[in-house]
Amino acid sequence: MNGSVYDQPIAREHTCSVKFDARKAVFGRDDVIPAWVADMDFPAPEAVTRALTERAQHPVYGYTLFPDSLYEAMIQWFESRHGWGIQRDWIVMAPGVVPSLNAACLAFAQPGEGVIIQPPVYPPFFSSVRDTGRTVIENPLMADETGDYRMDLEHLEQCAARPEAKVLLLCSPHNPVGRVWREAELVQVLDIARRHGLVVLSDEIHCDLTYPDKPVHRVLATLAEGDDALITAVAPSKTFNMPGLGLSALVIPDPERRKAMKSVFDRLHLPQCNPFSIAGFEAGYRHGGPWRDDLMAYLQGNRDFLVQEVNRRLPGIRTSAPEGTYLIWLDCRGLKLDDTALKRFFVQQAGVGLNPGLSFGSQGSGFMRLNIGCPRAVLAQILDRIEAALQRPGQGS
């Protein structure tokens, strides 16, 4: 697969696409360029499409078992790509990473007890805690003047020491700031969790979407000790651009914690046995490696183009290259707009649909998240629209 394939536009309107067909509901107009929800405008690997087509040719779509070959494909992928040896009985199939966040809150914290998150962070980290009746404990990330984020580990220790703190939800690589956590940071996180008896759910859904010119992602579990209370959430959905198939996996070495998570899913009757999800999951992990490598090369070009042009052409907005994910965290505080006016500027004046930073927590105030998983020509249009809007009299009003 080469760049020309990624440059080829694909019409996604009228396919019930959230990213495209929900624009009117989300932004109040249906002509914004959508660069928000985290899926990409690229075709999934041919092997995935072929597997789905072959499964569709059998005309019965009944209740489906998880085949041994599915587990084998996943285990081989993480061994070869991340040096992570997963045992078959550690794996619990799950209906998605977001349901798994909720399940971890239900399984390992009682109503009113605390769950630590590190904002600005993916909005379901907040809702999974609040909607299950648990209490959010914020351990905000810290950013330097260049926009480089790091964990406040001293404050994390204080949060973990609170008697009500039971769970840490870790986002690695981090959405939306694009940070790939360093081994030394992750070791300290595990040390803190161990000292204070925290269960850690590490959301590593973006673990395959890291750039070759940036630090290598370390799966937290590869640094863990045998008795660490650790759950790792992974999925092929972001890697191979098939989040609509809705299947993920949890890796839980400890049998009692495995049982606790399975119990939540069973109690809620959450089904995971969609035959198409199973076919796509296996095909991605088994055959998608070359596609993923080509994807990251294209995304790196998009990333570098976008970052350079933002910092060169858009006064009041700055950004830096993420180490992972296809999401760019735009610092718009130089525009001196409140969050309502900032969203209005991008939607009404620039005609671009982004995720408001405030939805990632109060620490995201003044920021916007932009999805670069699209043809480079679309990014050029986005930049042109924003630049033109900034040059109009009364911009941001």
Side-chain angles (χ1 to χ4, degrees), residues 63-79 81-111 113-117 124-125 128-129 132 134 160 165-172 186 189-190 192-205 207 218-237 246-274 277-278 281-282 285:
Y63 297 114
T64 307
L65 298 170
F66 295 109
D68 290 340
S69 56
L70 176 145
Y71 295 100
E72 292 165 1
M74 174 181 161
I75 289 168
Q76 290 168 4
W77 176 270
F78 282 97
E79 175 63 39
R81 292 276 168 164
H82 298 279
W84 182 22
I86 301 173
Q87 295 183 23
R88 163 69 181 80
D89 62 357
W90 295 353
I91 302 172
V92 176
M93 303 309 296
V97 172
V98 172
S100 298
L101 298 175
N102 284 262
C105 294
L106 290 168
F108 303 115
Q110 296 300 311
E113 289 186 330
V115 178
I116 302 169
I117 63 174
F125 276 59
S128 64
V129 180
T132 56
R134 278 61 180 167
K166 303 299 179 183
V167 178
L168 167 64
L169 301 180
L170 180 72
C171 192
S172 178
L186 295 173
V189 168
L190 287 170
I192 291 168
R194 202 176 295 130
R195 279 196 295 274
H196 299 286
L198 291 179
V199 175
V200 180
L201 186 146
S202 185
D203 169 10
E204 307 203 20
I205 196 170
C207 67
R218 287 298 303 267
V219 173
L220 184 64
T222 63
L223 304 171
E225 297 178 0
D227 57 350
D228 282 334
L230 178 59
I231 298 164
T232 308
V234 297
S237 53
L247 182 62
S248 69
L250 301 172
V251 181
I252 314 174
D254 178 72
E256 289 304 311
R257 295 186 186 95
R258 239 181 1 255
K259 180 180 177 182
M261 288 293 280
K262 290 171 72 172
S263 176
V264 173
F265 292 139
D266 291 344
R267 195 161 67 243
L268 296 174
H269 300 281
L270 287 173
Q272 297 127 36
C273 56
N274 181 311
S277 299
I278 291 169
F281 186 108
E282 179 176 344
Y285 280 138

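Bear in mind that the values here come from a model prediction, so they are computed numbers and not experimental data. Quick note: numbers below take in every heavy atom, side chains included, and nothing from hydrogens, waters or symmetry partners.
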Work out which heavy atom in [X] is nearest to a heavy atom in [Y]; give both atom names and the distance.
X: T222; Y: V219; value: OG1-O, 2.6 Å
X: A104; Y: V167; value: O-CG2, 4.3 Å
X: L230; Y: S202; value: CD1-CB, 4.4 Å
X: C105; Y: S128; value: SG-O, 3.7 Å
X: V251; Y: P253; value: O-CD, 3.8 Å

Find the distance between [atom1] ([X]) and [atom2] ([Y]) and round it off to the nearest 0.5 Å.
X: L268; Y: L106; atom1: CG; atom2: CG; result: 6.5 Å
X: D254; Y: M261; atom1: CG; atom2: CE; result: 12.5 Å
X: L169; Y: L101; atom1: CG; atom2: CG; result: 5.5 Å
X: F265; Y: N102; atom1: CZ; atom2: CG; result: 9.0 Å
X: L190; Y: R194; atom1: CG; atom2: CZ; result: 5.5 Å
X: M93; Y: L70; atom1: CE; atom2: CG; result: 5.0 Å

Using only atom types and a distance under 3.5 Å, with no angle test, would you say the side chain of [X] pairs donor to acceptor with the backbone of [Y]?
X: E204; Y: L220; result: yes
X: R134; Y: A109; result: yes
X: S263; Y: K259; result: no
X: R258; Y: D89; result: yes

Any chance you could lay out the side chain to side chain contact (heavy atoms under 4.5 Å, CB included) test for F66 and I91, step after step, and finish with the verdict? CA-CA 11 Å; F66 295 109; I91 302 172; over 6 Å; no
Should [X] and [Y] count as side-chain neighbours, where that means a heavy-atom distance under 4.5 Å?
X: I75; Y: E72; answer: no
X: N274; Y: L247; answer: no
X: M74; Y: V234; answer: yes
X: E113; Y: F108; answer: no
X: I205; Y: S248; answer: no
X: L186; Y: L170; answer: yes

If the condition is ring-ring contact (aromatic ring centres under 6.0 Å, His included), which residues does F78 pass it with, not counting sequence neighbours? H82, W84, Y285
